[in-house]
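What you see is a predicted model; the values in this text were computed from it and never measured.
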Amino acid sequence: MTTAPERTSDLYPTRGAEEVLIERKDPVVWSEPGAAGPITAGDLAGFERDGFLAIDQLITPDEVSVYHAELERLINDPAMRENDRSIVEPRSQEIRSIFEVHRISELFGRLAADPRVVGRARQILGSDVYVHQSRINVKPGFGATGFYWHSDFETWHAEDGLANMRTVSVSIALTKNHDTNGGLMIMPGSHKTFLGCAGATPKDNYKRSLQMQDAGIPSDGTLTHLASDHGIRLFTGEAGSATWFDCNAMHGSGDNITPYPRSNVFIVFNSVENTAVEPFSAPVRRPEYIGARDFTPVK
């Protein structure tokens, strides 16, 4: 366990009286040109430009079956339902997400350390990495709610104390992503501008925000401006496909009113050179199962 250092200077102020748009001050790809890794130079350039990288098949169909069975085991475990790591869907009262799955599941822990996964994170971030957050997400058919537009970094900066944009996420599909079942949407290129949101962070904001966001929400006007500048990309693909995306990419997802469920495993890697300090715009840290305070590198 590593102790968090004191808070540093704030490059990305947020949760103030008004919204602010700030040019990104950090690299997108931190590794040196030509650095070894599983991502090709062309794909790495695309990630730099767009803020995301889609992969048709990161894990095999056989692996999908194993991980999906593990997801089902966890969400159907009565003990997990009572665990603080579980987030319940407001409408159906079913489990929507379970956090810190790389620690509570040996299978998902091995997935986080798989060279196909962590190797790409190291290549993008240019250093060893640790898992800042992991979770499984379940979006069953017929009414599962979406998640409104946001930048993950805005939350991780404000409430977890990540000082710099040196964090990358991967969403690995464990069911087919149709264009109709509430898939991930990203504004390409939006990662190069930080949106500091208006409004203070309530104490224990995480208890509500993981079901329904209140703090850290962009205004309709600014979202319209960003969408006009960047457009919106909707991600589809077979089970086993994956989307890597930069921590500051503006993204969200819609409700799933189709019969087709959508489930994924979501892993966030942060550079060991960007370990969390005290929150920049929140009265207290979020729990460690949401924002890690163990900075041990993934091996």
Side-chain angles (χ1 to χ4, degrees), residues 1-2 38 55 57-89 92-122 128-140 144 147 152 156 160 167-177 182 184 206-207 210-211 237-245 247 253 261-270 272 276 286-299:
M1 183 72 69
T2 306
I55 299 172
Q57 186 182 73
L58 182 66
I59 59 175
T60 67
D62 287 345
E63 290 173 308
V64 168
S65 297
V66 171
Y67 291 122
H68 192 270
E70 179 71 348
L71 177 147
E72 291 289 334
R73 182 187 72 81
L74 289 170
I75 65 172
N76 289 300
D77 182 350
M80 284 309 309
R81 187 176 182 83
E82 303 303 317
N83 193 301
D84 287 344
R85 292 173 177 80
S86 296
I87 307 301
V88 175
E89 171 72 37
S92 68
Q93 291 300 299
E94 297 297 324
I95 288 179
R96 166 182 178 153
S97 298
I98 300 176
F99 281 81
E100 209 173 35
V101 290
H102 72 293
R103 290 194 179 276
I104 63 177
S105 164
E106 182 180 346
L107 276 171
F108 286 122
R110 289 204 301 266
L111 180 61
D114 189 302
R116 293 169 295 180
V117 177
V118 72
R120 286 177 166 87
R122 292 189 188 113
D128 279 336
V129 297
Y130 69 95
V131 176
H132 176 70
Q133 184 185 104
S134 70
R135 66 180 186 261
I136 49 174
N137 296 319
V138 182
K139 189 180 276 192
F147 218 76
D152 286 332
W156 299 336
D160 296 341
T167 314
V168 67
S169 303
V170 61
S171 175
I172 305 172
L174 299 181
T175 54
K176 184 173 181 176
N177 285 301
L184 175 68
Y206 75 93
K207 291 181 179 178
L210 298 174
Q211 292 180 327
E238 299 294 328
S241 63
T243 305
W244 289 88
F245 58 101
C247 59
S253 64
R262 175 177 175 261
S263 299
N264 69 297
V265 55
F266 180 77
I267 306 170
V268 180
F269 294 99
N270 188 39
V272 296
R286 298 195 297 176
E288 291 191 26
Y289 61 81
I290 299 175
R293 294 282 159 169
D294 182 345
F295 312 133
T296 306
V298 176
K299 296 297 185 184

Problem set entry | Pairwise distance OH(Y289) to CG(N83) - rounded to 0.5 angstrom | 8.0 Å

Problem set entry | Pairing residues for V64 by the side-chain contact (heavy atoms from CB on, under 4.5 Å) criterion, not counting sequence neighbours | I59, A239

Problem set entry | Verdict with supporting geometry, T167 and V268, side-chain contact (heavy atoms from CB on, under 4.5 Å) | CA-CA 7 Å; T167 314; V268 180; 3.4 Å; yes

Seminar exercise, completed: Rounded to the nearest 0.5 Å, the CD1 atom of I95 sits from the CE atom of M80 at a distance of 6.5 Å

Problem set entry | Over all atoms of both residues, closest heavy-atom pair of A112 and F269 | O-CZ, 3.5 Å

For this session: Please list, chain by chain and in numerical order, all residues satisfying side-chain hydrogen bond (donor to acceptor under 3.5 Å, both in side chains) with T243, sequence neighbours excluded.
Result: none

Seminar exercise, completed: For R85, the salt bridge (Lys or Arg N to Asp or Glu O under 4.0 Å) test, sequence neighbours excluded, returns E100

Exercise. Who are the salt bridge (Lys or Arg N to Asp or Glu O under 4.0 Å) partners of R122, not counting sequence neighbours?
Worked result: D128

Problem set entry | Check against side-chain contact (heavy atoms from CB on, under 4.5 Å), I172 and L111 | CA-CA 10 Å; I172 305 172; L111 180 61; 4.0 Å; yes

Problem set entry | Residues that Y67 engages under ring pair (Phe, Tyr, Trp, His ring centres under 6.0 Å), provided they are two or more places apart | F108

Problem set entry | Verdict with reasoning, R110 to L107, per side-chain contact (heavy atoms from CB on, under 4.5 Å) | CA-CA 5 Å; R110 289 204 301 266; L107 276 171; 3.1 Å; yes

For this session: Could you pull out all residues at least two apart from E238 that satisfy side-chain contact (heavy atoms from CB on, under 4.5 Å)?
Result: K176

For this session: Nearest 0.5 Å please: distance from the CZ atom of F245 over to the CG atom of D152.
Result: 5.5 Å

Problem set entry | Heavy-atom closest pair, residues N264 and A173 | CB-CA, 4.2 Å

Problem set entry | N76: partners by side-chain hydrogen bond (donor to acceptor under 3.5 Å, both in side chains), with sequence neighbours left out | E72

Exercise. So which heavy atom on P297 is nearest to which on V272, and how close?
Worked result: CG-CG1, 4.0 Å

Exercise. Would one find more than 12 heavy atoms of other residues, nucleotides or ligands at under 6.0 Å from atom CD of Q93?
Worked result: yes

Exercise. If only atom types and distance count, is the side chain of T175 paired as donor or acceptor with the main-chain N or O of S263 below 3.5 Å?
Worked result: yes

Problem set entry | Evaluation steps, side-chain contact (heavy atoms from CB on, under 4.5 Å), between R103 and D294 | CA-CA 12 Å; R103 290 194 179 276; D294 182 345; 3.1 Å; yes

For this session: Mind checking the CD1-CG spacing from I136 to L74? Nearest 0.5 Å is all I need.
Result: 4.5 Å

For this session: May I ask you to decide if G182's main-chain N or O and R262's side chain share a donor-acceptor pair within less than 3.5 Å?
Result: yes

Seminar exercise, completed: By side-chain hydrogen bond (donor to acceptor under 3.5 Å, both in side chains), S86 pairs with (sequence neighbours left out) none

Seminar exercise, completed: Hits for side-chain contact (heavy atoms from CB on, under 4.5 Å) against R73, two or more places apart or cross-chain, chain-then-number order -> E70

Exercise. With side chains defined as the heavy atoms from C-beta onward, is the minimum distance between N270 and F295 less than 4.5 Å?
Worked result: no

Exercise. Partners of W156 by ring pair (Phe, Tyr, Trp, His ring centres under 6.0 Å), sequence neighbours excluded?
Worked result: H132

Problem set entry | Where K139 and S253 come nearest, the two heavy atoms and their spacing | NZ-OG, 3.1 Å

Seminar exercise, completed: Taken in chain and number order and not counting sequence neighbours, the residues that satisfy side-chain contact (heavy atoms from CB on, under 4.5 Å) with R120 are P38, I39, I55, L58, R116, W244

Problem set entry | Rounded distance (nearest 0.5 Å) linking atom CG of D160 with atom CZ of R286 | 4.0 Å

Exercise. Can you tell me how far the CD1 atom of I290 sits from the OG atom of S134, to the nearest 0.5 Å?
Worked result: 11.5 Å

Problem set entry | Minimum heavy-atom distance between A292 and V131, given as atom pair plus value | CB-O, 3.4 Å

For this session: Please identify each residue that fulfils side-chain hydrogen bond (donor to acceptor under 3.5 Å, both in side chains) with E82, with sequence neighbours left out.
Result: none

